[in-house]
K.L.:
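Take this structure first; my questions come after.
By convention in this document, chain letters (A, B, ...) are assigned in the order of the sequence lines, proteins followed by strands, and residues within each chain are numbered from 1.
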Protein chains: 2
Amino acid sequence: MATLSDIAKKAAVSKMTVSRVINHPEKVSAELRKLVLTAMRELNYVPNYAARALVKNRTQVIKLLILEEMDTTEPYYMNLLSGIAIELDKHHYALQLVTRNSRAIGNCDGLIITGMRAGDYDEIIDQMDRPFILFGQNDRGYDYVDVDNEEGTELTTKHLIHLGFKRILFFGIDLKEPFMLARAAGYKKTMSASGLGPELFFMKNSSHVAQEEAAKQLTGRCPKTAVVCASDRIAIGVVRAGLALGLHIPDEAAITGFDGVFLDRISCPKITTIRQPIIEMGKVCARRLLQKIHQGGDKIGNLTFEPELIIRESTIKKPNLH
Amino acid sequence: MATLSDIAKKAAVSKMTVSRVINHPEKVSAELRKLVLTAMRELNYVPNYAARALVKNRTQVIKLLILEEMDTTEPYYMNLLSGIAIELDKHHYALQLVTRNSRAIGNCDGLIITGMRAGDYDEIIDQMDRPFILFGQNDRGYDYVDVDNEEGTELTTKHLIHLGFKRILFFGIDLKEPFMLARAAGYKKTMSASGLGPELFFMKNSSHVAQEEAAKQLTGRCPKTAVVCASDRIAIGVVRAGLALGLHIPDEAAITGFDGVFLDRISCPKITTIRQPIIEMGKVCARRLLQKIHQGGDKIGNLTFEPELIIRESTIKKPNLH
DNA sequence: TTATCACATGTTATCGGTAACAACATTTCA
DNA sequence: TGAAATGTTGTTACCGATAACATGTGATAA
């Protein structure tokens, strides 16, 4: 492995000039710069990040703190993880996965935090002494990255209204967190705007629980019912309930989900959903955190992704495949 | 952050003695050792891994090289990834995710390689100049970690025979790779041993393709047919085909999968499968690679995990839930 | 012409560790 | 008893980079 000194020797300059070419190229004359760059290319130079970290008093480690109790098999977090990992990697930062308990182990340059609940702010987040970004909207003024949750359910609700449904239910997760309140708000707002009466139900984020609840709500009564679900997991349960009741999907019952991470595609029929580009969001989150670190930890602002409506067989017979 | 020098000052010894207490405690007198350890505790000492990496000429980076074209949303790889990440993290190694194209970017101390196909050995794996471990069995004599694929399909096939099925098909993936051949072999061997005629079909690892193929094979003919599938993805397709044909599962058609990573649980009915403890396997893989690196890269041998049969509704009406 | 300044480049010290060797004390054994 | 072996601790140099400062050059202005 070639080092700074090797390049310096080859280009007949000092180590410092080589270092400058890398970090402050404008401070080196064009002539020497070219010499050095050529030498670097010829010797296939790769900087030693450990050395740089040492002298800059950095760890080159970013922690991903997942506060929610999570199932490691959950594709949602796996996608987030890989998005972050890919981006950090590009900038030669390492990712350390930590939880509530292990969060203090080892040093780091910054954190990405997700899965926070109301109680976590006082206890954990307010106490942070490093730059961080929250993955998920919050109303405490902390920098975050999220999808526009309210617009997401607006899109699905409007879609169902367009299809002619009059009875449209909302199946949410029983958490009073900003993302959930926003999804419920998007639904309520759209229903009111169309003069329809909202009916909201809240439950655990589980397909089985949702299936039971849906079985009750879809029985008899109205021949055409649609359900706006706050997650694909819940939507899967509702689809199953519909099939079990012998309802024709999407004519007698239409269902929309939220997330668009894997689950939507393995259901049968496939689920119309709001796609959150989690991998991309993870990348952006990492990128913004690094930027925040490099600018000394100053506030960097929020980033809200536009939600994307993916139409599938749970609402339309032959959707345009893409 | 306290450093070696801080500890040394506090304990009134030299830096070197502190370093020895950490790396070669037997070379330091019990008296001084205690002094140093106390100082370390009091100052809450955490070693600087960048500095150590620098002086030991290590990168503290392990690459995970995935040769197979992969869907990043695939829970299988996500589990592997997180298993490896958790273990590496414990030893303060960073994980870098690379593919065929990006594999040469950046330096590393070792690699975990997976998804290799026959052609990859000459081109890539034989040329490696760092210690590595393959995730997945191979017949080239390279160290690997895998589940016992042959025994896996033996277990599922025997299970179906026990249930009284006489016509038992095998749905495999159309790859002539060791893991696939082993899964086919486990099936064939068990069928022969019971005097039953094997029928093998090979296809793309896709639930839709499997559904089409199963639709053909499950129609008419035999009132009771079972299918041993080489992946849960294929099994999901077969289950759907069975339901579409109006067959009663598990009486008229029974299906087993392979992998036990998420997919098996979201199917309805849930799928009897061979569980591969991927997260645990990833951890072990990382642990063995580090061991291999520390012992200078010498061969370390293979590790084969025992497969575990998980019985669910696709083969038994009311399985014992656990 | 010469003091001053800006700019380009080199020198030195340093980050936090560890290896190699030196120095000293203590045993061991002829 | 004293030379050699052994064990414990300290000194020095170095890993590969960068910051801070020092030096040297030519241009500019008084």
K.L.:
Taking atom C1' of D/dG10 as reference, at what distance in whole Å does atom CG of B/Leu35 sit?
P.N.:
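For the pair B/Leu35 CG and D/dG10 C1', the rounded distance is 16 Å.
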
K.L.:
Quick one: A/His24 NE2 to D/dT18 P, roughly how many Å, whole number?
P.N.:
8 Å

K.L.:
For B/Lys9, does the NZ atom sit with more than 12 other heavy atoms under 6.0 Å from it, leaving out its own atoms?
P.N.:
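Not more than 12 within 6.0 Å, no.
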
K.L.:
Is the backbone N or O of B/Val28 less than 3.5 Å from a side-chain atom of B/Arg33, with the two atoms forming a donor-acceptor pair by type?
P.N.:
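Confirmed, B/Arg33 side chain pairs with B/Val28 backbone.
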
K.L.:
So A/Tyr76 and A/Phe135, would you call those rings parallel, tilted or perpendicular, with 30° and 60° as cut-offs?
P.N.:
perpendicular

K.L.:
Can you tell me the distance, in whole Å, between the CD1 atom of B/Ile22 and the P atom of C/dA19?
P.N.:
12 Å

K.L.:
Would you classify B/Tyr45 as touching base, sugar-phosphate or nothing, given that sugar-phosphate means primed atoms plus P, OP1 and OP2, and contacts are heavy atoms under 4.0 Å?
P.N.:
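Touches sugar-phosphate only.
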
K.L.:
Grab the NE2-C1' distance between A/His92 and D/dA17 for me, whole Å please.
P.N.:
15 Å

K.L.:
With sequence neighbours excluded, give me every side-chain hydrogen bond (donor to acceptor under 3.5 Å, both in side chains) pair touching residues 35-46 of chain B.
P.N.:
B/Lys10-B/Glu42

K.L.:
Is there a side-chain contact between B/Asn23 and the phosphate of C/dT18, meaning an N or O under 4.0 Å from OP1 or OP2?
P.N.:
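Yes, within the criterion.
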
K.L.:
Would you sort out whether B/Glu87 and B/Tyr93 count as a side chain to side chain donor-acceptor pair (under 3.5 Å), showing the intermediate values?
P.N.:
CA-CA 9 Å; B/Glu87 183 67 22; B/Tyr93 274 79; over 6 Å; no

K.L.:
Can you list, by residue number, the residues of residues 289-298 of chain B that have a non-hydrogen atom closer than 4.0 angstrom to DNA chain D?
P.N.:
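Residues of residues 289-298 of chain B under 4.0 Å from DNA chain D: none.
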
K.L.:
Does B/Glu31, at its CD atom, have more than 12 non-hydrogen atoms belonging to other residues, nucleotides or ligands within less than 6.0 Å?
P.N.:
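Open.
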
K.L.:
Take atom NZ of B/Lys90 as the centre, draw a 6.0 Å sphere, and report whether it contains more than 12 heavy atoms from other residues, nucleotides or ligands.
P.N.:
yes

K.L.:
Using whole Å, report how far CG of B/Leu54 lies from P of C/dG16.
P.N.:
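So the CG-P distance, B/Leu54 to C/dG16, works out to 12 Å.
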
K.L.:
What nucleic acid atoms does B/Asn48 come within less than 4.0 Å of, heavy atoms only: base, sugar-phosphate, or nothing?
P.N.:
sugar-phosphate

K.L.:
Between B/Thr59 and B/Asp109, does the side chain to side chain donor-acceptor pair (under 3.5 Å) criterion hold? Intermediate values first, please.
P.N.:
CA-CA 6 Å; B/Thr59 61; B/Asp109 296 338; 2.9 Å; yes

K.L.:
From CG of A/Asn57 over to P of D/dA19, roughly how many Å is that when rounded to an integer?
P.N.:
12 Å

K.L.:
Do B/Lys299's NZ or CZ and the ring of B/Tyr142 fall within the cation-pi criteria of under 6.0 Å and 45°?
P.N.:
no

K.L.:
May I have the distance from B/Lys56 (atom NZ) to C/dC15 (atom P), rounded to whole angstrom?
P.N.:
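Between P of C/dC15 and NZ of B/Lys56: 21 Å.
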
K.L.:
Considering only NZ, NE, NH1 and NH2 on the basic side and carboxylate oxygens on the acidic side, decide whether A/Asp120 and A/Arg100 come within less than 4.0 Å.
P.N.:
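So A/Asp120 pairs with A/Arg100 through a salt bridge.
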
K.L.:
Which residues pass the salt bridge (Lys or Arg N to Asp or Glu O under 4.0 Å) test with B/Asp122, not counting sequence neighbours?
P.N.:
B/Arg140

K.L.:
Output one line per pair: protein atom, nucleotide atom from nucleotides 7-11 of chain C, and distance, for all N/O pairs under 3.5 Å.
P.N.:
| residue | atom | partner | partner atom | Å |
| --- | --- | --- | --- | --- |
| C/dT9 | OP1 | A/Ser29 | OG | 3.0 |
| C/dT9 | OP2 | A/Ser29 | N | 2.8 |
| C/dT9 | OP2 | A/Ser29 | OG | 3.0 |
| C/dG10 | OP2 | A/Ser14 | N | 3.0 |
| C/dG10 | OP2 | A/Ser14 | OG | 3.1 |
| C/dG10 | OP2 | A/Thr17 | OG1 | 2.5 |
| C/dG10 | O6 | A/Arg20 | NH2 | 2.5 |

K.L.:
May I have the distance from B/Asp6 (atom CG) to C/dC15 (atom P), rounded to whole angstrom?
P.N.:
10 Å

K.L.:
Run the side-chain hydrogen bond (donor to acceptor under 3.5 Å, both in side chains) test against B/Asp298 and tell me which residues pass, sequence neighbours left out.
P.N.:
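Expected list: none.
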
K.L.:
Below the 4.0 Å mark, does D/dT18 have OP1 or OP2 next to a side-chain nitrogen or oxygen of A/Arg52?
P.N.:
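For D/dT18, OP1/OP2 do have a side-chain N/O of A/Arg52 under 4.0 Å.
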
K.L.:
Give me the bend of the helix from C/dT1-D/dA30 to C/dA30-D/dT1, using the axes of the five pairs at each end, rounded to 10°.
P.N.:
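Roughly 60°, once rounded to the nearest ten degrees.
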
